[in-house]
Structure formats: C-alpha cells, structure tokens
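Below is one structure, written out as structure tokens, with a few remarks after it.
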Protein chains: 2
Amino acid sequence: MAGRPREFDRDAALEAAMHLFWRKGFAAASMHDLCEAMGVSSPSLYAAFGSKEELYLAAFAHYAATEGQAVWDRLADGATARAGVENLLMAAAETLPKSRIAPAGCMVALGAVSDEWPPSIARVVRKVRLDLLRSLHARLEAALADGELPAMTDIDALSRFYLSVFQGMAIQAKDGATPAELRSAAKAAMVAWPGEG
Amino acid sequence: MAGRPREFDRDAALEAAMHLFWRKGFAAASMHDLCEAMGVSSPSLYAAFGSKEELYLAAFAHYAATEGQAVWDRLADGATARAGVENLLMAAAETLPKSRIAPAGCMVALGAVSDEWPPSIARVVRKVRLDLLRSLHARLEAALADGELPAMTDIDALSRFYLSVFQGMAIQAKDGATPAELRSAAKAAMVAWPGEG
DNA sequence: CCAATTTTGTAACGATCGACACAGAATATG
DNA sequence: CATATTCTGTGTCGATCGTTACAAAATTGG
C-alpha cells in the first residue's frame, strides 16, 4: 500500500462543492466551476468522488448531516411539541436567507423540484424531504399521546402544514426575504397551533 | 406582403411548450424535446419565437395568464378576505397535483428557484412571485380597512405566511401529494386567521 | 406566368458539457 | 536504489446543447 499522497483536503473540497451546489443547483455547477471552487483538477476529482452525480450525493449528504441537521434538531428542543416546531421555524428563518458564509435557500427543500435533475439525485432528495415530514409527524404524534394536543387533532394535516411553511420560507429566502420577514411569517404560522386563541 | 403561410398553430405550439417547460423546467427541456412536443422544426420555432429564452418567457406569460390567473383570481372570490384566501388555497390544492391534463407544481412558485436559470428568466419569474405577495398584501390591507381584521394585525407577516403555505404546497405537489392532503394542510393554515379559536 | 416573400426540412456550425487517456511526479516498500 | 502504486496536470474525446445556412416549397401581388 503505497502511492503518491493526495495533495488536497477531501473534506474541505467536499465542503466547497457543497457550497457551490447549494448556490447554483446541480446542472448550473459545471465541472469547470467545481474544479475551480474545490482547487482540484478534474481527474483528481473523479478519482476521489467517481462522477458529478456521486459528488453531488456526497455533498448533499454532508449538507444534510451538518446544515440541515442543525436546523432540524431544534424540533426536539423545548418541553412541548409547540416549542419544538416554533424553534424549528425560527432557526429556519435565521438560516435560510443568504449570509456572509452561506447561500440562500435549502438544498433539501429546494433540491430537485424541477425535473431537470438526474433521477438518482431526485430520488434521494425527495426521500429526505419525506423524512422531514415523517419526523414532524412523529413529534406531533408524541404530543398527541402526551395530551399536549387535543385528541381529535389531524396530525397528518398539521405536519404537512408546518412542512409547507418551512418550504415556502425557503423559496422566499431565495427571493431575498430577510430573517425578520421570515420570523414574522413563522410567528403567524404558530397561531394555527390547535387550542390557540 | 406575401410568403408561404405558416403550417402550424402558433398558440397550440405555445401551449405544448408551456406544458413541457412546466413539467421539466427550463434547462431539461431541450430544443429537441420542444420541437418534438410542438410538432415544429427548429428553424420554424426560431422564426416564430426568437430563441429558447424568449420561448420560455412567452410560455411563462401564457401560463400566468391562464393557469395561474385561474387560481389567483379566487383570492377575490367571497365576501371576506378570509374566504378569498381559503378559496385560493383550496383551488391550489386542487390544481397543484399532477392530473391527466396538467403536470404537478406551479411555474410561478417553483420556477427559477435554483441559479441554473438564465438571469433574464429568473428576473421575470421572481417579479411575478413578488406580485403574488403584493396582491395578497393588498387584499389583507383592504380587509383591515373594512374592519374584518383586528387593527393591530401584522399584514406583512400574514401575507408572507399565506404565500409560504401556497409555495410549500407546490413543492409537496411535486413530491406527489394528493389534493386531499393539500386541502388538509390548507385547512390547518386557515386556523391561523386572526381572531380564530 | 413571373418575381418577391415567407416558411419548411435537412444538415451542420461552434460552444460547452462530463469524463478520461496519458505521462510525469511523488510516495511506500523491499 | 528499484519497483509498485497512487496522485497530478495537460489535453482531448464524443455527446449534446442552442442556433443558424441553405435550398426547396408554397403563397401573394403584378
């Protein structure tokens, strides 16, 4: 087991690819752009990641495990499901708009919404989106069992509703909405919590 | 003023282009696909529409004037702003999922969300999205003036919130959500109407 | 019928894309 | 040092993209 050692940091390169994909999507981020952003020539890139599709999947997994997880973990914060959902939306309002270090939007919410994405990527992205719906659903179901929510609450509808608010916020962030504007929308959404008045 | 007459129906061809762009987005709908779907050879297409970008803009305008307008007009239906918003969301729940005649999603809500779109198109699409926000805002402002909404209601927040629900529903429709599922989410959103409970 | 004009289909253009062949350079092992 | 192995950069491959010459075909006006 020998060979010339790799001259670039694989994780740093993956992070750079993630940011470029995050900002430009899959198709618009050309291999030329990626090589430049990652500081790696294309044969090295292919040796390390296989193909552009596989590189995207690796970057997407990295995104889900870091940026995405950081926001979605807030759902578990707080004593009640209501607090968890509010924390989630507030964190989203803070994270979704463009900042000095991060592009606007969300790779999970906005990825593969048009059919111009490779099917293999679309399948993975949509699966993660459904996972978000499922974890929202699970949190609300627990709240129902705890008696936090009225017994006749429509959990399917409520989880789908709060997911739609999150996804809509992602689109508006892409259009330039500020954290304050998204917070106000999230605040308005929390009024729909069952038993509010 | 003479010349060989055009052999294809310009409006029918534009409608076909609209459906293809609606389903596949801008980049993934190649000129080859478009020519096939429109039943026109590419030089004829260029003579009639100018370029692929201009064709998209024409198809998008056609979409906004027909499919989009039909849904958004519901905002004016009903005696109250609340009824108008509910009608709008219910119409969206019916229209957004894939049907026998229409693709899933919405060209306005989901168009140009990634940066892989030509800037000229992104500018137009985002302007229309902002117009949606403005018309929602205007309807709620009128309701405020009529006393339908409490005097301290945050109109900016409320319009942005309902827009986000609509946009989120569009994403979920792309992921395969049914009209019934979207209706239930819309119903949950209406609970957030000020003074509910 | 003749000339002018516009559309049509075939075929091809240059540009760009993702992907890779190749040879040189850098390491580990014996 | 010699060999095997792996990485690196240059250059290029075939495919596909949007776009357009070109000539034949079809119409109107004189």
Notebook entry, point to check: Got a sec, which residues hit salt bridge (Lys or Arg N to Asp or Glu O under 4.0 Å) with A:R123, two or more places apart in sequence or on another chain?
Noted result: none
Notebook entry, point to check: Just how far is it from atom CG of B:L110 to atom CD1 of A:I171, taken to the nearest 0.5 Å?
Noted result: 5.5 Å
Next item on the list: Select from B:R4 and B:G39 the residue whose nearest nucleotide in DNA chain C is closer to the 5' end of that strand.
Entry: B:R4
For nucleotides 12-14 of chain D, which of its nitrogen or oxygen atoms have a protein nitrogen or oxygen under 3.5 Å away, and what is each distance?
none

Item checked: Within residues 13-22 of chain A or reaching into it, pairs that qualify as salt bridge (Lys or Arg N to Asp or Glu O under 4.0 Å) - sequence neighbours excluded -> none
Note to self: Please enumerate all residues that pass salt bridge (Lys or Arg N to Asp or Glu O under 4.0 Å) together with B:R4, with sequence neighbours excluded.
What the structure shows: B:E7
Notebook entry, point to check: What is the distance, rounded to the nearest whole Å, between atom CG of B:L55 and atom C1' of D:dT19?
Noted result: 14 Å
Margin query: Please list, in numerical order, the residues of residues 5-19 of chain B that have a heavy atom closer than 4.0 Å to any atom of DNA chain C.
Written below: B:P5, B:R6, B:E7, B:F8
Notebook entry, point to check: What residues form a ring pair (Phe, Tyr, Trp, His ring centres under 6.0 Å) with B:W117, not counting sequence neighbours?
Noted result: B:Y56
Notebook entry, point to check: How would you list all residue pairs meeting salt bridge (Lys or Arg N to Asp or Glu O under 4.0 Å) that involve residues 104-121 of chain B, not counting sequence neighbours?
Noted result: A:K174-B:D115, B:D115-B:R126
Check: What's the CD-P distance between B:E116 and D:dG18, to the nearest Å?
Finding: 14 Å
Item checked: Within residues 27-37 of chain B or reaching into it, pairs that qualify as side chain to side chain donor-acceptor pair (under 3.5 Å) - sequence neighbours excluded -> B:K24-B:D33, B:S30-B:D33
Distance-only check: which donor-acceptor pairs under 3.5 Å involve side-chain atoms of residues 46-54 of chain B, not counting sequence neighbours?
residue : atom : partner : partner atom : Å
B:S51   : OG   : B:E54   : N            : 3.3
B:S51   : OG   : B:E54   : OE2          : 3.3
B:K52   : NZ   : B:F26   : O            : 3.0
B:K52   : NZ   : B:A29   : O            : 2.9
B:E53   : OE1  : B:S120  : OG           : 2.5

Checklist line | Where at least one partner belongs to residues 136-155 of chain B, residue pairs that pass ring-ring contact (aromatic ring centres under 6.0 Å, His included), sequence neighbours excluded | finding: none
Item checked: Within residues 136-161 of chain B or reaching into it, pairs that qualify as salt bridge (Lys or Arg N to Asp or Glu O under 4.0 Å) - sequence neighbours excluded -> A:E181-B:R160
Got a list of protein N/O to nucleotides 15-19 of chain C N/O distances below 3.5 Å?
residue : atom : partner : partner atom : Å
C:dG18  : OP1  : A:K52   : NZ           : 2.4
C:dG18  : OP2  : A:M31   : N            : 2.7
C:dA19  : OP2  : A:Y46   : OH           : 2.4
C:dA19  : OP2  : A:K52   : N            : 3.0
C:dA19  : O5'  : A:Y46   : OH           : 3.0

Notebook entry, point to check: Would you say A:S44 reaches D:dT8's phosphate, i.e. side-chain N/O to OP1/OP2 under 4.0 Å?
Noted result: yes
